[in-house]
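Presented below is the structure to which this report refers.
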Amino acid sequence: MSLDYYGILGVASDASAQDIKKAFREVARKCHPDVAGEDPVAAERFKTARTAYETLIDPVTRARYD
């Protein structure tokens, strides 16, 4: 099963790099281990969001993903 990276970050599939970065920062503010502490659900959400961000922010990997 493939993850929907756009859905994870809450952005449209035609989102700009700036929109993707902004969406990732919003997720990170809520789920980062420094903020959420030892919450395993938040930690997993942060990891997934980080993977989505890293994939979508790079034009080459984003094109491959799309």
Side-chain angles (χ1 to χ4, degrees):
M1 180 172 90
S2 178
L3 295 175
D4 176 17
Y5 288 157
Y6 296 105
I8 290 167
L9 295 177
V11 296
S13 61
D14 61 346
S16 68
Q18 185 177 13
D19 292 336
I20 292 167
K21 189 175 199 176
K22 183 179 176 182
F24 171 70
R25 286 185 175 178
E26 288 177 21
V27 172
R29 271 190 223 117
K30 297 174 189 171
C31 298
H32 192 278
D34 289 346
V35 175
E38 298 295 320
D39 182 6
V41 174
E44 189 60 35
R45 180 155 189 244
F46 178 75
K47 288 178 189 176
T48 305
R50 185 171 146 196
T51 301
Y53 171 76
E54 290 173 353
T55 300
L56 298 178
I57 202 69
D58 180 43
V60 174
T61 55
R62 184 176 181 175
R64 233 182 284 149
Y65 172 76
D66 287 340

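Numbering of residues begins at 1 and proceeds along the displayed sequence.
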Quiz item: Out of Leu3, Thr55, Val27, which one pairs with Ile8 under the side-chain contact (heavy atoms from CB on, under 4.5 Å) rule?
Solution: Leu3
Self-check item: From Tyr5 atom OH to Ile20 atom CD1, the distance as rounded to the nearest 0.5 Å
Solution: 13.0 Å
Quiz item: What distance do Glu44 atom CD and Cys31 atom SG have between them, rounded to the nearest 0.5 Å?
Solution: 11.0 Å
Exercise. Mind telling me whether Phe46 and Phe24 have parallel, tilted or perpendicular rings, with 30° and 60° as the class edges?
Key: tilted
Quiz item: How would you list, by chain and number, every residue that makes a side-chain contact (heavy atoms from CB on, under 4.5 Å) with Ala17, sequence neighbours excluded?
Solution: Ile57
Practice problem: Step through the shown structure and confirm whether more than 12 heavy atoms of other residues, nucleotides or ligands are within 6.0 Å of CZ on Arg62. | Solution: yes
Quiz item: How close do Ala49 and Leu9 get, heavy atom to heavy atom, and via which atoms?
Solution: O-CD2, 3.9 Å
Self-check item: Tyr65 vs Asp58, side chain to side chain donor-acceptor pair (under 3.5 Å): CA-CA, chis, key distance, verdict
Solution: CA-CA 10 Å; Tyr65 172 76; Asp58 180 43; over 6 Å; no
Practice problem: Look at Glu26 together with Lys30 and state whether they make a salt bridge at an N to O cut-off of under 4.0 Å. | Solution: no
